[in-house]
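Working notes for the structure below.
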Amino acid sequence: MNEAQGRFDARVTAISYSGPVGGSTNNAADVELIDRPDDGGPVLPEPKPHSTIDRMVITIDGPAGGGKSTVARRLSQRLNIAYLDTGAMYRAVAYLALERGLDLTNLDAVIDVARDMDLSLDCGPVNTVVNVEGRDVSETIRSLDVSRATTVIAGIQPIRDMLVAQQRAKAVSLRSFVSEGRDQGSVVFPDADVKFILEASPYTRAQRRLDDLPPAATPVTLDEMLTHVRERDAIDAKQWEPLLQPGAAICFDTTDLSIEAVVDRLEDQVRRRVGNG
Ligand code: DC
């Protein structure tokens, strides 16, 4: 296991963040951007070129089903850097709370689970392996039941505070990584080198979530998934919406793009900053 694949102990919460790198470096030049209709187009700051990919933080945020997970994993593979799947951390807390039969409205009990759980995250880039209490739950945490519970868990601020501290602590050991979630470019790594937002239509996102369900998961209809996606949008959007401000991030609508086409565009943006583009 190399440094970028180091295990992550969820009980380590007191490590301060020294910031792996500084400076937002989004680049307006030659960027194929999907402009938002009413913001007057992108106004992006001048890039600060990187001579090396040794220390680089790339964030990918946006709504559920925008393609973030698949794109983040493939981008990190192409760049041969780690992939920090922050949604998996929220899912792990939800999974353990459900497994213990906890009432999710019992905040004290749920916060205790988050504080005391033995969570380890192998950050790939090829695979993300999530272990909870020594068991591999990488697939189990993707079920719709866990997804629904995770929406509740992700709304509990003390749990967010713990997981954000752990994500920043993890950043120090990973050095270069692609981090994916809802709040990565806005809250967790505001000084990230490259910030992306991936969007797509609700229908496309619901279909993608269905396709991503593990084979053993309880079957779900497209309508159920669409309802779930919309419910999550209402809750999650406030975390990544600050990144829609002109110049804050590079935004792609992935509705009509293949995964490979999206990864190509993101990789191109990143390589421009390391001088390999
Ligand atoms: O990306 P995902 O579907 O695995 O995320 C699972 C849930 O966790 C979803 O409800 C959004 C939430 N989440 C969050 O609030 N902040 C993050 N950084 C990552 C995920």
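Counting starts at 1 for both ligands and their atoms, in listed order. Only this structure's heavy atoms are used, side chains among them; waters, hydrogens and symmetry mates stay out.
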Could you see which bit of Asp236 sits under 4.0 Å from ligand 1, with heavy atoms only: side chain, backbone, both or neither?
side chain
Would you say Tyr90 and ligand 1 have an N/O pair spaced under 3.5 Å apart?
no
Numbered in order shown, the ligand 1 atoms found under 4.0 Å of a heavy atom of Ala154 are 12 (C), 15 (O)
Relative to ligand 1, is Lys68 under 4.0 angstrom through side chain, backbone, both or neither, heavy atoms considered?
neither
Run the salt bridge (Lys or Arg N to Asp or Glu O under 4.0 Å) test on Asp112 and Arg115 for me, step by step, so that the C-alpha distance in whole Å, both residues' side-chain angles and the decisive distance to 0.1 Å come before the verdict.
CA-CA 5 Å; Asp112 281 350; Arg115 184 186 304 111; 2.8 Å; yes
The single option from Leu79, Leu266, Asp193 passing side-chain contact (heavy atoms from CB on, under 4.5 Å) against Ile58
Leu79
N/O of Arg182 under 3.5 Å from N/O of ligand 1, yes or no?
yes
When you compare the side chains of Arg135 and Tyr95, does any donor N or O come within less than 3.5 Å of an acceptor on the partner?
yes
So for ligand 1, is Arg91 a polar contact partner (N or O within less than 3.5 Å, distance only)?
yes
Would you mind checking if Arg100 and Asp116 are paired as a salt bridge, meaning a charged N to carboxylate O distance below 4.0 Å?
no
For Glu260 and Arg74: C-alpha separation, side-chain torsions, deciding distance, then whether salt bridge (Lys or Arg N to Asp or Glu O under 4.0 Å) applies.
CA-CA 9 Å; Glu260 287 309 310; Arg74 297 215 186 148; 2.5 Å; yes
Does any donor atom in the side chain of Thr221 or Asp223 lie under 3.5 Å from an acceptor atom in the other side chain?
no
I need the atoms of ligand 1 closer than 4.0 Å to a non-hydrogen atom of Gln184, numbered in the order shown.
18 (N)
Reported CE-to-CD1 distance for the pair Met89 and Ile153, which is rounded to 0.5 angstrom:
13.5 Å
Element-labelled atoms of ligand 1 that are located less than 4.0 Å from some non-hydrogen atom of Glu180
1 (O)
So, regarding Asp85 and ligand 1 (criterion: nitrogen or oxygen to nitrogen or oxygen, under 3.5 Å), is there a contact or not?
no
Do you know the tightest heavy-atom contact between Gly66 and Thr254?
O-OG1, 3.0 Å
Out of Thr151, Leu163, Thr150, whose heavy atom sits nearest atom 8 (O) of ligand 1?
Thr150
Ligand 1 to Thr86 polar contact by distance, N or O atoms, under 3.5 Å
yes
Report, in ascending order of atom number, the atoms of ligand 1 lying under 4.0 Å from any heavy atom of Gly87.
4 (O), 5 (O), 19 (C), 20 (C)
Which of the ligand 1 atoms, numbered from 1, are nearer than 4.0 Å to a heavy atom of Gln239
14 (C), 15 (O), 16 (N)
N/O separation below 3.5 Å, Ser147 to ligand 1
no
Does any N/O atom on Arg209 come nearer than 3.5 Å to any N/O atom on ligand 1?
yes
